[in-house]
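The structure appears right after this line, and notes come after that.
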Amino acid sequence: MRAKLGRFDAQGGFTLEGVERMEFDREGRGPLVLSAERGSGSGPEGRRVVRLEGGVEMRDEEAGLLVRLPSMEIDQPRSVARSL
């Protein structure tokens, strides 16, 4: 992940401002690439639950897909990404 400002706590929680690029690996496909004004989440790499807000852009670069949403939640343990 790449952001302008990030804060992390000892329990694995984090908050981000100016999320420039956040990648989520997918089995058998290229990563899902997201950007947003801000985000928060918790959990170790590959098991995170992340919430992004403010001008969320979701890109599937292989498919040439770009989706813009007001907010989004990514639940890696369940392999779910949903618009809020």
Exercise. What residues, two or more places apart in sequence or in another chain, satisfy side chain to side chain donor-acceptor pair (under 3.5 Å) together with Glu23?
Worked result: Arg21

For this session: Take Gln76 and Arg48, measure what side chain to side chain contact (heavy atoms under 4.5 Å, CB included) needs, and give me the verdict at the end.
Result: CA-CA 5 Å; Gln76 284 184 301; Arg48 289 186 173 136; 3.2 Å; yes

Exercise. Considering all heavy atoms of both residues, which atom of Pro31 and which atom of Asp25 are nearest to each other, and what is their separation?
Worked result: CB-OD1, 4.1 Å

Exercise. Under a single-linkage rule joining Ile, Leu, Val, Met, Phe, Trp and Tyr whose side-chain heavy atoms are separated by less than 4.5 Å, which residues share a cluster with Leu66?
Worked result: none

With rounding to the nearest 0.5 Å, note down the distance linking [atom1] in [X] to [atom2] in [Y].
| X | Y | atom1 | atom2 | result |
| --- | --- | --- | --- | --- |
| Leu32 | Glu61 | CG | CD | 9.5 Å |
| Arg38 | Ser71 | CZ | OG | 9.5 Å |
| Phe24 | Ile74 | CZ | CD1 | 4.5 Å |

For this session: Report whether Val33 and Met72 are members of the same hydrophobic cluster (ILVMFWY, side-chain heavy atoms less than 4.5 Å apart, transitive linking).
Result: no

Distance-only criterion, 3.5 Å: show the donor-acceptor pairs between side-chain atoms of residues 77-84 and protein atoms not counting sequence neighbours.
| unit_1 | atom_1 | unit_2 | atom_2 | d |
| --- | --- | --- | --- | --- |
| Arg82 | NE | Glu73 | OE1 | 3.3 |
| Arg82 | NH2 | Glu73 | OE1 | 2.5 |

Please list, one pair per line, the donor and acceptor atoms closer than 3.5 Å that link side chains of residues 6-15 to other protein atoms, with sequence neighbours excluded.
| unit_1 | atom_1 | unit_2 | atom_2 | d |
| --- | --- | --- | --- | --- |
| Asp9 | OD1 | Gln11 | N | 3.0 |
| Asp9 | OD1 | Gly12 | N | 3.1 |
| Asp9 | OD1 | Gly13 | N | 2.7 |

Exercise. Of all residues at least two apart in sequence or in a different chain, which pass the salt bridge (charged side-chain N to carboxylate O under 4.0 Å, His left out) check with Glu20?
Worked result: Arg2

Expected list for residues 49-60: side-chain donor-acceptor pairs under 3.5 angstrom, two or more places apart:
| unit_1 | atom_1 | unit_2 | atom_2 | d |
| --- | --- | --- | --- | --- |
| Arg51 | NE | Glu53 | OE2 | 3.1 |
| Glu57 | OE2 | Arg68 | NE | 2.9 |
| Glu57 | OE2 | Arg68 | NH2 | 3.4 |
| Asp60 | OD1 | Arg26 | NH2 | 3.4 |
| Asp60 | OD1 | Glu62 | N | 3.3 |
| Asp60 | OD1 | Ala63 | N | 3.2 |
| Asp60 | OD2 | Arg26 | NH1 | 3.3 |
| Asp60 | OD2 | Arg26 | NH2 | 3.2 |
| Asp60 | OD2 | Arg29 | NH2 | 3.0 |

